[in-house]
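The structure appears right after this line, and notes come after that.
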Protein chains: 2
Amino acid sequence: MQEVICTVDVVLLTLREGVLQVLLHRREREPFAGTLALPGGYVHTDSDRDTRDAALRVLRDKPGVHSPYLEQLATFSGPARDPRGWSISVAYYALVPDTLVTEAADAVLCPVDDLRGVPFDHAQIVASAVQRVRNKSSYSSLPVHVCQEPFTLPQLQAVYEALLGESLNKVSFRRKMDELDVLEAIPGVFSSGSAHRPAQLYRVKPAWRHALSLSERAI
Amino acid sequence: MQEVICTVDVVLLTLREGVLQVLLHRREREPFAGTLALPGGYVHTDSDRDTRDAALRVLRDKPGVHSPYLEQLATFSGPARDPRGWSISVAYYALVPDTLVTEAADAVLCPVDDLRGVPFDHAQIVASAVQRVRNKSSYSSLPVHVCQEPFTLPQLQAVYEALLGESLNKVSFRRKMDELDVLEAIPGVFSSGSAHRPAQLYRVKPAWRHALSLSERAI
DNA sequence: TCAATAGTGTCTTTAAGACAATATCTT
DNA sequence: AAGATATTGTCTTAAAGACACTATTGA
C-alpha cells in the first residue's frame, strides 16, 4: 500500500476593491510548476507541531502576514486530486486586512469567483472557504479581521456587506455590534478629512483579539 | 523526515436512556490494545476513495449501521497524539438512532461526559463532536437523524431537548419544524397503545433524506 | 448655507415564547 | 367520565427592519 502524501493548503482571503480575493502563489516545483495555486506544502514532521503550525509556516513567507485569523477549514483527500498519488490536504483559511497583502510576481490576489486554471482541487477548496466565511459572517464578528484597525462602524458595515453580498440595516447592524461587545471606541479619535461628519474610530477589545478563533461558533 | 501516520476516527453518537452516548471499540492491536477507543484505522490508499470512504469502511464492521448521517468533523494532528509517531487523524462524526446500535464485547456505548481512560486524544475529539452537534442542533434539522422513523413530533422534540440540554417551547418547536419543511406526516398513521391521544407519525421527506449533509449550514 | 455622511429615536413588522383551550386516546 | 398527552389558537414579549430626524464636518 502506497504512502499518503500529507500537505496543508492555506486560503488567505482579503477584500480589495470591494471584492473578496484569494492569495495565489506561483508554484516553483512540479507538479504544475509555474502555475498559480494556493500556498501550501508538505507537513514537516521534524519541525511542525501540528498542521496549524504548518499552515502558519506556509504563511510566514508572505511579508506582513504575521498572526492572521486562521481557522481549520476541512480536509480534502483522494487518489486523484494530486498527480503524485493518494493525498491528504488539511486546508486552513486566513482572513487579513488588505493593507497587509503585498502582491509580487509569485504572489497575486485573484477574485474568488474567477479561479479558472488553478490546479489540484484548489478551486473547490476556495469555494468551501468562501462558503464558510459567508456563513459565519452572518452571525459572528468574523469580518472584523478583514478591517485594518482602527476602523469606523460604516467601514465595518461595508465589509460585512461585501462579504455577505447584501446590504444591511444600519440600525440593526449597530445594535448587533453593540451586543457582540467585541469593539471599543477609541476615546476622542475620529475619522477626518472628508466633507462630512467624522466617524468614531473603533478597535477590537484586547481580550478578544486572539480569542475570536477559539469557539466553534465564534462570537 | 519521518512519514506521517494517516488515520480516520469516527465518533458515532446516539441517544440512549436520554443521554448522548458514543460508540467505543475495544482495540485489538497496539498501541493501547484491549482498551476502549474510537473506531478508526489507517487510510487504505489501495481501496479508499477518500477519507470519508475510509470512515464508512470503519463503520461497516458495526452491524446495522449502513448509511448513517456522516460529516467531517476536523483533523487532529501532531507528534504526540499517537505513540507510533507524527500522525494525522481525520475525524468524522455519525448520528444514528439508538435502535441501530448493537452493543457487544468489543463495542460499547459510553456517555460522552464520562470518557476517562480513552487513549490518544479521543476525549478531545469526542468533545469537539459533541460541541458541533449541540451547536448545529440549535438551528438545523440535524437531530432527525437520531430518531428512528417513523417518529412523532413529541418524540423529536424530546431528542432536541436531550441534545441541547434545555427544554423547548412546544409551539415554537412545531412552528420551526414546519418552516424547515423536511418532515412529512404519514397520512392516517398515528402512535397508539397509550392511554391518551395518539400522535401523528412523521418521516423525513425523501428529497431530504440523503441531502441533509450537503450544505455547510444544514437546513 | 449646502452637500454629504454619521449617529440616534421610534414606529412597524416579524419571530419567539407563554398560556390556555380543545381533541382523542385508554382505563 | 377521568386522566393523560397531542394539537391548535391567541396573546405577550423580544428581535429585526424601515424611516426619518438630528449632528458635524468641508466646500
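Hydrogens, waters and symmetry mates are skipped; everything else that's a heavy atom, side chains included, is used. Treat the numbers as computed from the prediction; the structure is a model and nothing was measured.
Separating the OH atom of B:Tyr202 from the C1' atom of D:dT7 is a distance of 9 Å, rounded to the nearest angstrom. Rounded to whole angstrom, the span from the CZ atom of A:Phe190 across to the C1' atom of D:dT24 amounts to 10 Å. In this structure, A:Met177 atom CE and C:dT8 atom P are separated by 15 Å, rounded to whole Å. Rounded to an integer number of Å, the gap from CG of A:Leu156 to P of C:dA6 is 13 Å. If you take CG of B:Asp178 and P of D:dG9, they are 12 Å apart, rounded to a whole angstrom. For the pair A:Phe151 CZ and C:dT5 P, the interatomic distance rounds to 21 Å; values are reported in whole Å.
Side-chain contact annotation: B:Thr14 with B:Gln21, donor-acceptor N/O pair under 3.5 Å absent. Between the side chains of A:Asp50 and B:Ser77, no donor N or O sits under 3.5 Å from an acceptor N or O. Between B:Tyr92 and B:Thr51, the side chains place a donor N or O and an acceptor N or O closer than 3.5 Å (distance only, hydrogens not considered).
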Item to complete: Spell out protein contact along nucleotides 15-23 of chain C as letters: B when the base is contacted, S when just the sugar-phosphate is, - when no protein heavy atom is under 4.0 Å; keep the 5' to 3' order.
Response: -BBBB---B
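Salt bridge annotation for B:Glu103-B:Arg16: present, with a cationic side-chain nitrogen under 4.0 angstrom from a carboxylate oxygen. Remark: A:Asp106 does not engage A:Arg27 in a salt bridge, criterion side-chain N to carboxylate O under 4.0 Å.
Within 4.0 Å of B:Ser194, counting heavy atoms only, lie sugar-phosphate atoms of the nucleic acid but no base atom.
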Discussion item. Could you walk me through whether A:Phe151 and A:Tyr202 satisfy the ring-ring contact (aromatic ring centres under 6.0 Å, His included) test, starting with their C-alpha distance in whole Å, then the side-chain angles of each, then the deciding distance to 0.1 Å, before giving a yes or no?
Written reply: CA-CA 5 Å; A:Phe151 50 81; A:Tyr202 289 82; 7.2 Å; no
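The nearest heavy atom of DNA chain C to A:Arg174 and to B:Ala195 marks one nucleotide each, and the one closer to the 5' end goes with A:Arg174.
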